[in-house]
Amino acid sequence: MLRDAAFARMPVGAPRAELAGLPRRQLDAPAGARPGCEHYTDGNFPLAQPTWRLCFVEGRLVSKERIDG
């Protein structure tokens, strides 16, 4: 689960290893997911759906977005 506050503090361009609050476990990528992207939930179990998408290139965060409806 990725918390709103941790997501908000993640600067684009930061090395993945330096992102505080990044959960150790991520969701399985949904069908058609972009390569290099990781998906996390907001913890709404048992109905958790992908909520956050973080995309990396060469170990750096290049985009981040909230993807739930």
Side-chain angles (χ1 to χ4, degrees):
M1 156 170 114
L2 180 59
R3 301 200 182 279
D4 288 327
F7 176 81
R9 288 190 306 269
M10 293 179 179
V12 171
R16 187 185 190 288
E18 295 178 11
L19 295 176
L22 191 61
R24 285 180 282 163
R25 193 174 125 205
Q26 57 183 286
L27 296 173
D28 292 333
R34 290 186 278 176
C37 294
E38 300 175 2
H39 298 83
Y40 298 92
T41 180
D42 63 359
N44 183 20
F45 295 107
L47 304 173
Q49 296 292 317
T51 303
W52 312 106
R53 177 174 35 235
L54 304 175
C55 298
F56 297 88
V57 172
E58 296 181 7
R60 292 198 173 269
L61 183 64
V62 295
S63 69
K64 65 179 197 173
E65 60 188 311
R66 185 172 180 100
I67 58 174
D68 66 344

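Atom set for the values below is all heavy atoms of this structure, side chains included, hydrogens, waters and symmetry mates excluded.
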- Going from OG1 on T51 to CG on L2, what distance comes out if it is rounded to the nearest 0.5 angstrom?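 Between atom OG1 of T51 and atom CG of L2 there are 9.0 Å.
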- Message: Within this structure, what is the CD-CG distance for the pair E38 and L61, rounded to the nearest 0.5 Å?
- Response: 9.0 Å
- Counting only N and O atoms by type, is there a donor-acceptor contact under 3.5 Å from the side chain of K64 to the main-chain atoms of M10? yes
What are the two closest heavy atoms between [X] and [Y], and how far apart are they?
X   : Y   : answer
L22 : L54 : CD1-CD1, 3.4 Å
H39 : Q26 : O-CB, 3.3 Å
L27 : Y40 : CD1-C, 3.8 Å
A6  : A20 : CB-O, 4.2 Å

- Query: Got a sec, which residues hit salt bridge (Lys or Arg N to Asp or Glu O under 4.0 Å) with E65, two or more places apart in sequence or on another chain?
  - Reply: R34, R53
- Message: Please check if the number of heavy atoms outside R16 that lie under 6.0 Å from its CZ is greater than 12.
- Response: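 Yes, CZ of R16 has more than 12 neighbouring heavy atoms, counting only those of other groups under 6.0 Å.
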- Starting from the C-alpha separation in whole Å, work towards a yes-or-no answer on side chain to side chain contact (heavy atoms under 4.5 Å, CB included) for F56 and L19. CA-CA 12 Å; F56 297 88; L19 295 176; 3.7 Å; yes
